[in-house]
2 protein chains.
Amino acid sequence: MSEIARKSGGRRQRRDSEELRAALLAAASEVFLEEGFQSASIEAVIEKVGGSKRAIYSHFGGKKELFLALVTDASSKIIDSLPRSDEVSGDFGWTLKTFGMEVSRVLMMPTTLALYRAVIAESARQPDVAETFFLNGPGRVAKRLAEVLNQFEASGVISIADCQRAAERFLGMLRDDVHLRVVLGLQPPPSENELEQSVDQAIEIFLRGIETRGS
Amino acid sequence: MSEIARKSGGRRQRRDSEELRAALLAAASEVFLEEGFQSASIEAVIEKVGGSKRAIYSHFGGKKELFLALVTDASSKIIDSLPRSDEVSGDFGWTLKTFGMEVSRVLMMPTTLALYRAVIAESARQPDVAETFFLNGPGRVAKRLAEVLNQFEASGVISIADCQRAAERFLGMLRDDVHLRVVLGLQPPPSENELEQSVDQAIEIFLRGIETRGS
DNA sequence: ATCTTAAGGTACTGTGCGTTACCTATCCAT
DNA sequence: ATGGATAGGTAACGCACAGTACCTTAAGAT
């Protein structure tokens, strides 16, 4: 009954509803990422959208659920901009650089940084948020890079026992102390130029190491 | 006058006072690191120590100052357990492994993890906390490792342009996705065995890279 | 003994905010 | 038209908790 009612009749309502939902999510994104989950107030979100708090409770259920929706949304969007493993060219160095640069840029985006802070802050209280973030975000990045490494492993360009772990190493090098300082707000994000130098150095180490050859 | 009074007379008072201060700090450590700064309540800290909130306000000034004192204390203590650059033996691989293992263990300690979460959560609102943490913690670790690398660079074992950055790379590899998953509470800290495998792999890459030699 | 100084304790205040109870308007089905 | 359901709005509740005003106790100085 309500099924039928919804199916045909719900159409117009649902459209408005979804617009509102999107608007709420966008506003929540601004507020939560700027202030963090706990400091952020539902009221501030509503102020940006207009309307009343009730909207949030009917659409999402509560503050926590709104946050989870936001994290799901944001972490997926961020990753979508990364190159896919099936768009990989022949040259390994070039591939690694493209991938590294793209990841570095994403890591230093204000939205990403804020999301990172907010999620870590809440991870103990909201494990589902932490899991959603990781699976949609860093987890997928590592997986993609691992696939790329696998391809090059197969063709003999490189030799790695565990591509997954190696990928995580490379990404770890990109998420280094500079990243931590930026996350902590101790320095501004690096310029494109600095990013490039950083990626180049990481690649150099990743490919050839630092030991003196011929020893 | 009050100077004189303090100088001789304050002795007994001051001793009790410092005991109390230490007890407050210890209790604050438990509460703040478990709950995070915002969720932690002054009252919970007092409950552990006995006494009244007044003690915190006279000793520290307020909730924020208490947190800063805690972070200063905790981040220094953690680092003190790390090997110093002047205790370095002749073998580079061994040195790197010792250093790597010690850092990995520290990174995975519950206290360290909680501190990391709490500081990141508050970094935007309390920049001084972020700075204190970084300078006493990760910053000092990287510096120590950089000194070690410098020594081996000088003796030609390795070849690095920028030891500071290289040290940060190595540490970045240790603070990889596994660390992030543990920080987020998605998996328990690795066993000593897993830690060792992880460090070994990081060292292998750091020293020799993954590219097929002879190409 | 008494005065002074400061730490420690009690109890209150004020506020911010998530949540909910209740009401109103809209829109489809018949 | 009309009934019924649902989204959206208004206003109030209730609670947790940082901070504080005021009092009490203790310790050293004279």
Side-chain angles (χ1 to χ4, degrees), chain A residues 1-25 27-28 31-32 34-70 122 125-126 129, chain B residues 1-25 27-28 31-32 34-70 122 125-126 129:
Chain A
M1 314 237 152
S2 62
E3 274 308 293
I4 298 168
R6 264 195 204 153
K7 192 179 168 184
S8 61
R11 199 127 335 141
R12 169 91 135 284
Q13 271 190 6
R14 196 176 294 161
R15 189 162 19 157
D16 298 349
S17 212
E18 276 175 16
E19 270 167 31
L20 179 58
R21 194 193 141 96
L24 285 170
L25 220 52
V31 177
F32 280 78
E34 193 161 315
E35 315 263 356
F37 175 77
Q38 299 203 55
S39 295
S41 83
I42 296 271
E43 276 168 353
V45 175
I46 287 304
E47 236 165 66
K48 282 189 187 279
V49 177
S52 84
K53 293 201 239 177
R54 226 31 202 79
I56 286 173
Y57 287 90
S58 37
H59 272 283
F60 298 96
K63 199 186 180 187
K64 286 190 177 180
E65 288 82 358
L66 177 59
F67 186 53
L68 179 58
L70 181 173
E122 278 303 299
R125 272 174 295 272
Q126 302 187 52
V129 167
Chain B
M1 311 237 151
S2 64
E3 275 309 293
I4 298 167
R6 263 194 206 156
K7 193 180 167 184
S8 61
R11 202 135 326 148
R12 170 93 134 283
Q13 270 189 5
R14 197 176 294 161
R15 187 159 20 151
D16 297 350
S17 211
E18 276 175 15
E19 271 167 30
L20 179 58
R21 195 192 141 95
L24 285 171
L25 219 52
V31 176
F32 281 79
E34 194 162 315
E35 315 263 356
F37 175 76
Q38 299 202 56
S39 296
S41 84
I42 296 272
E43 277 167 353
V45 175
I46 287 305
E47 234 165 70
K48 282 189 187 279
V49 177
S52 84
K53 289 201 244 177
R54 243 5 266 284
I56 285 172
Y57 287 91
S58 39
H59 272 283
F60 298 95
K63 198 186 178 187
K64 285 189 178 180
E65 288 82 359
L66 176 60
F67 185 53
L68 179 58
L70 182 172
E122 278 303 299
R125 270 173 296 272
Q126 302 187 53
V129 167

Tell me every residue that passes side-chain contact (heavy atoms from CB on, under 4.5 Å) with B:A22, counting only those two or more places apart in sequence or in another chain. none
Under 3.5 Å between N/O atoms: give me all the protein pairs with nucleotides 10-13 of chain D, atom names plus distance.
none

So for atom CD, which belongs to A:E65, do other residues, nucleotides or ligands contribute more than 12 heavy atoms lying within a distance under 6.0 Å? yes
What's the CD1-P distance between B:I42 and D:dT20, to the nearest Å? 12 Å
Measure CD/A:E47 against C1'/D:dG9 and give the value in whole Å, please. 16 Å
C:dG18 P sits how many Å from A:F67 CZ, rounded? 13 Å
Enumerate, atom names and distances included, each donor-acceptor pair closer than 3.5 Å involving a side-chain atom of residues 47-54 of chain B, sequence neighbours excluded.
| residue | atom | partner | partner atom | Å |
| --- | --- | --- | --- | --- |
| B:K48 | NZ | B:E30 | OE1 | 3.0 |
| B:S52 | OG | B:R54 | N | 3.2 |

Could you grab the distance from atom CD1 of B:I42 to atom CD1 of B:I56, nearest 0.5 Å is fine? 4.5 Å
Round to the nearest Å and state the distance from B:F60 atom CZ to D:dA18 atom P. 15 Å
Starting at CD1 of A:I46 and ending at P of C:dG16, how long is that distance when rounded to a whole Å? 19 Å
Could you state the CD-C1' distance from B:Q38 to D:dC17, rounded to the nearest angstrom? 13 Å
What's the NZ-C1' distance between A:K63 and C:dT20, to the nearest Å? 17 Å
Residues which pass ring pair (Phe, Tyr, Trp, His ring centres under 6.0 Å) with B:F67, listed by chain and number, not counting sequence neighbours: B:F32, B:F37
May I ask you to say what A:A44 touches in the nucleic acid, namely base, sugar-phosphate or nothing, with a heavy-atom cut-off under 4.0 Å? nothing
Given C:dG8, C:dG18, D:dT20, the nucleotide with the shortest approach to the side chain of B:H59: C:dG8
Please report the closest heavy-atom contact between B:V31 and B:A40, naming both atoms and the distance. CG1-CB, 3.7 Å
Can you list the residues that meet the side chain to side chain donor-acceptor pair (under 3.5 Å) rule with A:S39, with sequence neighbours excluded? B:Q38, B:R125
Send over the distance from A:L24 CG to D:dA7 C1', rounded to a whole Å. 12 Å
Which nucleotide in the list C:dG8, D:dG8, C:dC17 gets nearest to the side chain of A:S58? D:dG8
